[in-house]
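Because the structure is predicted, anything quoted here is derived from the model rather than measured.
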Amino acid sequence: MQYPLSDHKIKIKLISVAALFSLVVFATGALMGSVFFSHSESNEAQVAELQALVDLRQQELIQHKKSVQNDIDSMTLQIGKLMAQSTRLNALGNRLTVVAEINPNEFNLSDEPGIGGADLELTGESNTAQSLYENLFNLEDNFSKQQENLDILSQLLSEQTVDQNATPHLLPLNKGWVSSYYGKRIDPFTGQQASHAGMDYSGGYKSDIIAAADGVVVWAGQRGSYGRMIEIDHGNGFMTRYAHAESINVELGQKVTAGDPIATMGKSGRATSEHLHFEILKNGHKVNPLPFINS
């Protein structure tokens, strides 16, 4: 069948179909364009969101690195302080071993202390920065307390050493022998029983007489039956006397140290021959010198 294009109705139908087709094509293109552009905008939004998240995480990482570095610097400073504390404690400990006369072979601070034990049951807990900080601060606090205690101990030991040096403990002469002990004896001049308030030492004429302890000379000269005598105050209730000297080598008020030569042996005063009469007084009372000299 043939339709002549000159037919007016046919023309209208063709124009309508063409218009409808054009409309469909346009609508399809518009729809596809809208879908494409909407997807493009959505992708751009997602990309922008991801970029912002990356930037945020990068800033957090930078801040975390700064925080870790600050922690490392703080821990390094703390460890430096602990090392200084350890050095001071070792020096103080070494000095105390000398003062206390501790055998360094038995107590050597440079050696690592022995620690250990049987098989240990692990707790499974992890070390954290917080626990490390707590351990460091606790260690520093322990060091401070130990140093304070050692300072007190050092002071006590020093005072004890001073007291020991100021307590009669040396023989009052370098060479000689005991010729008469403390206590009752027969008086060599009268032959009667008498109380001897000191110890006599015989030795070579003009041999050295030495200080039995640290102290200050409070008498140096002639004194009755003692002859030429030296009296030393040791400042802790003790006093010593050295009598019958030939010559005196110290002056009143002079400070002497244990072992210093203070006089020479003679026979001045009430004496049968050259010797040293040695007395120890405790709080003004004469006591037996023998226990002090033996110590």
Side-chain angles (χ1 to χ4, degrees), residues 101 157-295:
E101 298 181 353
L157 287 175
S158 298
E159 292 175 355
Q160 182 180 359
T161 302
V162 171
D163 289 341
Q164 289 176 348
N165 290 337
T167 301
H169 59 280
L170 293 182
L171 284 171
L173 71 169
N174 290 323
K175 296 181 181 180
W177 62 94
V178 178
S179 55
S180 181
Y181 286 94
Y182 176 91
K184 292 183 178 180
R185 72 173 186 180
I186 297 176
D187 181 69
F189 291 96
T190 64
Q192 297 180 2
Q193 292 288 334
S195 179
H196 188 220
M199 290 182 66
D200 291 341
Y201 293 89
S202 293
Y205 181 61
K206 291 186 178 181
S207 58
D208 284 338
I209 298 172
I210 64 175
D214 297 351
V216 178
V217 178
V218 294
W219 184 279
Q222 194 73 28
R223 189 167 177 178
S225 60
Y226 284 107
R228 297 184 186 90
M229 186 196 76
I230 297 172
E231 194 171 71
I232 300 176
D233 188 347
H234 303 287
N236 55 357
F238 283 103
M239 187 175 293
T240 52
R241 289 174 179 168
Y242 312 79
H244 309 308
E246 174 63 24
S247 63
I248 294 175
N249 303 331
V250 292
E251 298 178 354
L252 188 66
Q254 180 177 335
K255 183 178 180 180
V256 295
T257 302
D260 286 349
I262 57 176
T264 58
M265 187 178 293
K267 54 181 180 180
S268 61
R270 191 173 184 266
T272 57
S273 63
E274 59 270 12
H275 75 284
L276 165 67
H277 175 78
F278 177 63
E279 291 182 1
I280 295 180
L281 292 84
K282 174 64 173 175
N283 297 325
H285 301 285
K286 297 176 182 178
V287 297
N288 188 357
L290 189 60
F292 297 93
I293 301 307
N294 285 340
S295 65

Can you tell me which residue pairs pass the salt bridge (Lys or Arg N to Asp or Glu O under 4.0 Å) test with a partner in residues 196-212, sequence neighbours excluded?
Arg185-Asp200

Can you tell me which residue pairs pass the salt bridge (Lys or Arg N to Asp or Glu O under 4.0 Å) test with a partner in residues 255-274, sequence neighbours excluded?
Asp187-Arg270

Suppose we screen for side-chain contact (heavy atoms from CB on, under 4.5 Å). Which residues come up paired with Lys286, at least two apart in sequence or across chains?
Ala197, Tyr226, Arg241, Glu279, Leu281

Can you name the residues that form a side-chain contact (heavy atoms from CB on, under 4.5 Å) with Tyr182, not counting sequence neighbours?
Met199, Asn288, Pro289

So with a 6.0 Å cut-off around NZ of Lys175, is the heavy-atom count from everything else above 12?
no

Shortest non-hydrogen contact between [X] and [Y], atoms and distance:
| X | Y | result |
| --- | --- | --- |
| Ala211 | Thr257 | CB-O, 3.8 Å |
| Ile262 | Ile232 | CD1-CD1, 4.1 Å |
| Ala166 | Ala213 | C-CB, 3.8 Å |

List the atom pairs, donor and acceptor, that lie under 3.5 Å between side-chain atoms in residues 246-254 and the rest of the protein, sequence neighbours left out.
residue : atom : partner : partner atom : Å
Glu246  : OE1  : Tyr205  : OH           : 3.1
Glu246  : OE2  : Tyr205  : OH           : 3.3
Ser247  : OG   : Thr264  : OG1          : 2.6
Gln254  : OE1  : Glu251  : N            : 3.1

Under 3.5 Å, is there a donor-acceptor pair between the side chain of Asp233 and the main chain of Met239?
no

Ignoring hydrogens and geometry, is there a side-chain-to-backbone donor-acceptor pair from His277 to His275 under 3.5 Å?
no

From Met265 atom CE to Ser273 atom OG, the distance as rounded to the nearest 0.5 Å:
9.5 Å

Test of understanding: with side chain to side chain donor-acceptor pair (under 3.5 Å), list the residues that count as partners of Ser202, not counting sequence neighbours.
Ser179

Pair Gln193, Ile186 - check side chain to side chain contact (heavy atoms under 4.5 Å, CB included), show working.
CA-CA 5 Å; Gln193 292 288 334; Ile186 297 176; 4.0 Å; yes

